[in-house]
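Everything on this sheet refers to the single structure shown next.
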Protein chains: 2
Amino acid sequence: MDVAHSEVFHTGTPVACSSCQARHGVVCGALSDHQLKELGRHSLRRKVDAGAEIIAQGAETSFYSNIMRGVVKLCKVMPDGRQQIVGLQFAPDFVGRPFVRESTLSAEAATDAEICVFPRNLLDRMIAETPELQRSLHDQALKELDAAREWMLTLGRRTAEEKVASLLHLIATHAEPQTAISAAFDLPLSRAEIADFLGLTIETVSRQMTRLRKRGVIVIENSRHIVVPDMDELEKISA
Amino acid sequence: MDVAHSEVFHTGTPVACSSCQARHGVVCGALSDHQLKELGRHSLRRKVDAGAEIIAQGAETSFYSNIMRGVVKLCKVMPDGRQQIVGLQFAPDFVGRPFVRESTLSAEAATDAEICVFPRNLLDRMIAETPELQRSLHDQALKELDAAREWMLTLGRRTAEEKVASLLHLIATHAEPQTAISAAFDLPLSRAEIADFLGLTIETVSRQMTRLRKRGVIVIENSRHIVVPDMDELEKISA
DNA sequence: CGCATTCTTGACCATCTTCAATTAAAGTGG
DNA sequence: CCACTTTAATTGAAGATGGTCAAGAATGCG
């Protein structure tokens, strides 16, 4: 057991799968009762404070996790410090990159979060033994690929205003999955993180937020809590 | 057999797998002799002119293909016409989006190309029956995901000069895989396509190319043929 | 050879960034 | 609980990067 691995495992608590939110998620939903029990024996729940790193860019991946609660951001940083968030993951998503020793990005808790951590070796073995699980993870990978490409369109071709509106729309639809006319939600990201997701600066994000507020598209109850009276309007602005 | 499907199949020629470039590629490399023969019976080789669409955004996906020769670009377009290239694929890559009826992007030949086309139903069945194949496609999906996220960093956080240098570097390393000091290659993309890949305009791409030329980083033999005397220099500029 | 398309170049302009100052919010310790 | 510090967010002014518009050069094709 290597350092990063044991570090994680010593700070968690035993796992109870039966009442788990991710019981029917990407990983656990594809396992037999027997496998679930085995995975459970080697897994631990762990609380992660907002901002804490789950896996570092360039680090060896000795474990995978399921998100139980909270939001996780996937980041890439350049040697000179420029940073780009390349994905957001929500419960009960799987976090990890199978088939590769070294992580090409870092995963960080954006909000306080809870994750269920399990050793890489064990899951890799189960993937090899369980076509159902392989298929399930393949499916999540393809969905993430679709999302990444959708975001490439946002990064490359949308204006600052459209970018901010797109992000608010993305988060709103994740927070309130029911297709309501209006939405109210907490932003899981700071202005700086939003900027890193949109390829903008903090100042531009802030200015676009106040522009949307002045136009009546959003209400900023406080910097983290947003109300969208008319989701269609927001979607129209995202283009 | 639906329209798009038959359209494709009527314009191809029978397949000979034994001497095929993709014989050990993502799809065919994972098949048994028996399966390969069956897939071969239902596949056809097809020539695709540069610019021709292989699959349209929003269209029903009734077939998949392997790239035998040439470069394929994956595009997303917005209702107002803004366009973003979200991926490049080279031989012997697999083109298609398993598990989903409708394509969220279009695939277009960037250069004259040759593809090997096979019906979706058949490959879907083989995927379900062949863990090896599932694994192989899963692996390609994860590699494309890595590439997409790497490109998100380029789109979001690099300057125009760095973007152009990054693209030249990407294409150079694909054209001349041996890690040489210098490289010479044909661009598979027009200036307009480069702009759509980098989230820039044609003019900015052109200006950055001449800047790189004046600095001696590249030699533009003609607008499509580029020589890079010092790849390290180019990589340094891509940041 | 002539027309059409692609690429390059220039001048001007808009958007977004940078730098700087101010306000608001969130911790901290007495 | 409240001053005090620290951090996050907003706002303003000036500047730079990249976009737009327009003209000209190069290339390719019938």
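The chains referred to below are lettered A, B, ... by the order of the sequence lines, with proteins before strands, and numbering in each begins at 1.
Nucleic acid contact for A:Thr204: base, since at least one base atom lies under 4.0 Å from a heavy atom of the residue. At the heavy-atom level, A:Ser223 lies under 4.0 Å from the strands shown only through sugar-phosphate atoms.
Separating the CG atom of A:Leu198 from the P atom of C:dT17 is a distance of 10 Å, rounded to the nearest angstrom. One can place CZ of B:Arg82 at 16 Å from C1' of D:dG18, the figure rounded to the nearest angstrom. A straight line from CG of B:Asp196 to P of C:dC7 spans 12 Å, rounded to a whole angstrom. Between A:Lys163 atom NZ and C:dT17 atom P there is a gap of 7 Å when expressed in whole angstrom units. Between the P atom of C:dA25 and the NE2 atom of A:His225 lies a distance of 15 Å, rounded to the nearest Å. Between the CD1 atom of B:Ile202 and the C1' atom of C:dT8 there is a distance of 11 Å, given to the nearest Å. What separates CG of A:Asp49 from P of C:dG27 is a distance of 12 Å, to the nearest Å. Put simply, CG on B:Leu212 is 13 Å from P on C:dT9, counting in whole angstrom units.
In this structure, B:Arg191 contributes its side chain and B:Ser223 its backbone to a donor-acceptor pair below 3.5 Å.
Taking 4.5 Å as the limit, every side-chain heavy atom of B:Phe63 sits out of range of all side-chain heavy atoms of B:Ile115. Contact of the A:Ile194 side chain with the A:Phe197 side chain is not registered, since no non-hydrogen atoms from C-beta on lie closer than 4.5 Å. Here the side chains of A:Pro98 and A:Arg120 are not in contact, with every heavy-atom distance at 4.5 Å or above.
In the interface, the side chain of A:Arg211 is not paired with the base of D:dT10 through any donor and acceptor atom under 3.5 Å apart. Contact of B:Arg224 with D:dG28 (side chain to base): no donor-acceptor pair of N or O atoms is detected under 3.5 Å. Taking only distance into account, the side chain of A:Glu203 meets the base of C:dC19 through a donor-acceptor pair shorter than 3.5 Å.
The shortest distance between the side-chain N/O atoms of A:Arg191 and the OP1/OP2 oxygens of D:dT10 is below 4.0 Å.
Set against D:dA13, C:dC7, D:dG18, the side chain of B:Ser190 has C:dC7 as its closest nucleotide. Nearest to the side chain of A:Arg213, among D:dT11, C:dC16, D:dG18, sits D:dT11. For A:Ser206, whose side chain is taken as the heavy atoms from C-beta onward, the closest listed nucleotide among D:dG12, D:dA9, D:dT20 is D:dA9. Side-chain proximity of B:Leu200 to C:dT9, C:dC16, D:dG19: nearest is D:dG19.
Between A:Glu161 and A:Asn222, it is A:Glu161 whose nearest contact on DNA chain C lies nearer the 5' terminus. Residue whose closest nucleotide on DNA chain C sits further toward the 5' end, between A:Thr159 and A:Glu221: A:Thr159.
With respect to the salt-bridge test (charged N to carboxylate O, under 4.0 angstrom), the residues B:Asp146 and A:Arg97 qualify.
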